[in-house]
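See structure below.
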Amino acid sequence: MSHRVRIIVNGKEEELDVEGRLLLCHLLRDRLDLTGTNIGCDTSQCGSCTVLMEGKAVKSCTVLAVQADGCEVTTIEGLAEADGLHPVQQAFWDHHGLQCGFCTPGMIMTAVEILGRNPEATDAEVRHGLEGNICRCTGYENIVKSVVAAGARGS
Ligand code: FES
Ligand code: FES
C-alpha cells in the first residue's frame, strides 16, 4: 500500500507516493537522486546518512519516509550557498577534515546542528556531539578542528 507524502527537501516541495516501509535515506537517494546522503551501516550506528529534519540531525536510515511527511529536510546538497560553500563545508576544506569522504556529509550535517545550538562549541562539546558519527579513516582530530573553526568563524 502506498502513501502520499509531501516533504520540503532542500527548499523544494516534493510530493511522492511511497511504500510504508520506505526509509528516508532511500527516498533521498533513489527517488530524488540526492546521493550525497551515504548509507554506511543501515543499522543506525555510523551516522553517514545524517540529514536535518526540522533542523534536527537525524539518521535517515532510521526514519521512515512517511514520518517525514510535512517536514523540512536538508541534505548535504542543500547546504552550499549561491556564493560558495557553507561555512562548515569550507572549514572541512581548510582544515583537511576528510580523507575518503564517505562519512563527511553526515559529519557536516551533524556539525551544522551542533553549531546551530552552540556556535562556540568547544573541542570536547564537538566530540560529544559527533559521538554518533563514525569515521572509518579515523580522521577525528581534523574533523573536530574543522567544526570548532567553523563555529569560531560564525557559521
Ligand atoms: Fe544510517 Fe549508518 S547508514 S547510521
Ligand atoms: Fe573516510 Fe571519514 S573520511 S570515513
Side-chain angles (χ1 to χ4, degrees), residues 1-81 85-93 96-118 121 125-147 150-151 155:
M1 180 180 163
S2 75
H3 306 264
R4 171 137 309 193
V5 294
R6 281 190 196 82
I7 308 174
I8 298 174
V9 182
N10 298 333
K12 181 172 171 231
E13 184 169 296
E14 305 282 358
E15 192 169 337
L16 305 114
D17 291 320
V18 301
E19 280 190 59
R21 64 180 177 172
L22 184 74
L23 295 171
L24 180 58
C25 59
H26 291 136
L27 177 141
L28 294 170
R29 290 179 56 86
D30 303 337
R31 303 283 297 275
L32 300 178
D33 286 331
L34 295 170
T35 53
T37 299
N38 286 328
I39 300 172
C41 68
D42 226 353
T43 53
S44 186
Q45 296 180 58
C46 74
S48 63
C49 64
T50 304
V51 299
L52 299 182
M53 191 163 116
E54 297 293 285
K56 296 257 188 312
V58 299
K59 293 178 176 177
S60 62
C61 74
T62 63
V63 177
L64 293 168
V66 291
Q67 292 177 290
D69 187 24
C71 293
E72 280 197 42
V73 171
T74 306
T75 71
I76 191 71
E77 289 90 346
L79 271 195
E81 292 145 15
L85 295 175
H86 183 281
V88 178
Q89 291 174 310
Q90 187 64 50
F92 270 67
W93 176 279
H96 311 290
L98 62 140
Q99 293 177 60
C100 80
F102 194 86
C103 71
T104 312
M107 288 284 181
I108 289 178
M109 300 315 288
T110 304
V112 168
E113 193 215 26
I114 293 169
L115 296 177
R117 276 188 279 112
N118 179 10
E125 288 166 337
V126 169
R127 283 178 193 277
H128 181 66
L130 288 176
E131 68 186 0
N133 292 72
I134 293 171
C135 176
R136 287 170 176 78
C137 301
T138 67
Y140 296 106
E141 288 298 322
N142 283 354
I143 289 170
V144 173
K145 197 187 293 178
S146 302
V147 179
S155 68

Between [atom1] on residue [X] and [atom2] on residue [Y], distance to nearest 0.5 Å:
{"X": "Gln99", "Y": "Ile143", "atom1": "CD", "atom2": "CD1", "answer": "7.5 Å"}
{"X": "Leu52", "Y": "Thr110", "atom1": "CG", "atom2": "OG1", "answer": "8.0 Å"}
{"X": "Leu98", "Y": "Met107", "atom1": "CG", "atom2": "CE", "answer": "10.5 Å"}
{"X": "Asn10", "Y": "Glu72", "atom1": "CG", "atom2": "CD", "answer": "10.0 Å"}
{"X": "Ser48", "Y": "Ile39", "atom1": "OG", "atom2": "CD1", "answer": "7.5 Å"}
{"X": "Thr74", "Y": "Met53", "atom1": "OG1", "atom2": "CE", "answer": "11.5 Å"}

Are any non-hydrogen side-chain atoms of [X] and [Y] less than 4.5 angstrom apart?
{"X": "Leu24", "Y": "Gln67", "result": "no"}
{"X": "Val88", "Y": "Met109", "result": "no"}
{"X": "Pro87", "Y": "Glu81", "result": "yes"}
{"X": "His86", "Y": "Phe92", "result": "no"}
{"X": "Asn133", "Y": "Thr50", "result": "yes"}
{"X": "Asp17", "Y": "His3", "result": "no"}
{"X": "Asp42", "Y": "Leu23", "result": "yes"}

Heavy-atom neighbours of His96 NE2 exceed 12 at 6.0 Å: no
Atom of [X], atom of [Y] and distance for their closest heavy-atom approach:
{"X": "Ala111", "Y": "Val147", "value": "CB-CG2, 3.7 Å"}
{"X": "Ala121", "Y": "Ile114", "value": "CB-CG2, 4.1 Å"}
{"X": "Ala68", "Y": "Val73", "value": "CB-CG2, 4.5 Å"}
{"X": "Leu79", "Y": "Val112", "value": "CD1-CG2, 3.9 Å"}
{"X": "Gly97", "Y": "Ser146", "value": "CA-OG, 3.5 Å"}
{"X": "Cys41", "Y": "Gln45", "value": "SG-N, 3.3 Å"}

Pairing residues for Glu19 by the side chain to side chain donor-acceptor pair (under 3.5 Å) criterion, not counting sequence neighbours: Arg21
Residues which pass side chain to side chain donor-acceptor pair (under 3.5 Å) with Glu54, listed by chain and number, not counting sequence neighbours: none
For [Y], is there any backbone N or O sitting under 3.5 Å from a side-chain donor or acceptor partner on [X]?
{"X": "Arg6", "Y": "Glu13", "result": "no"}
{"X": "Glu77", "Y": "Gly36", "result": "yes"}
{"X": "Ser60", "Y": "Cys49", "result": "yes"}
{"X": "Asn38", "Y": "Phe102", "result": "yes"}

Result of checking Leu32, Leu28, Leu27 against Glu14 for side-chain contact (heavy atoms from CB on, under 4.5 Å): Leu32
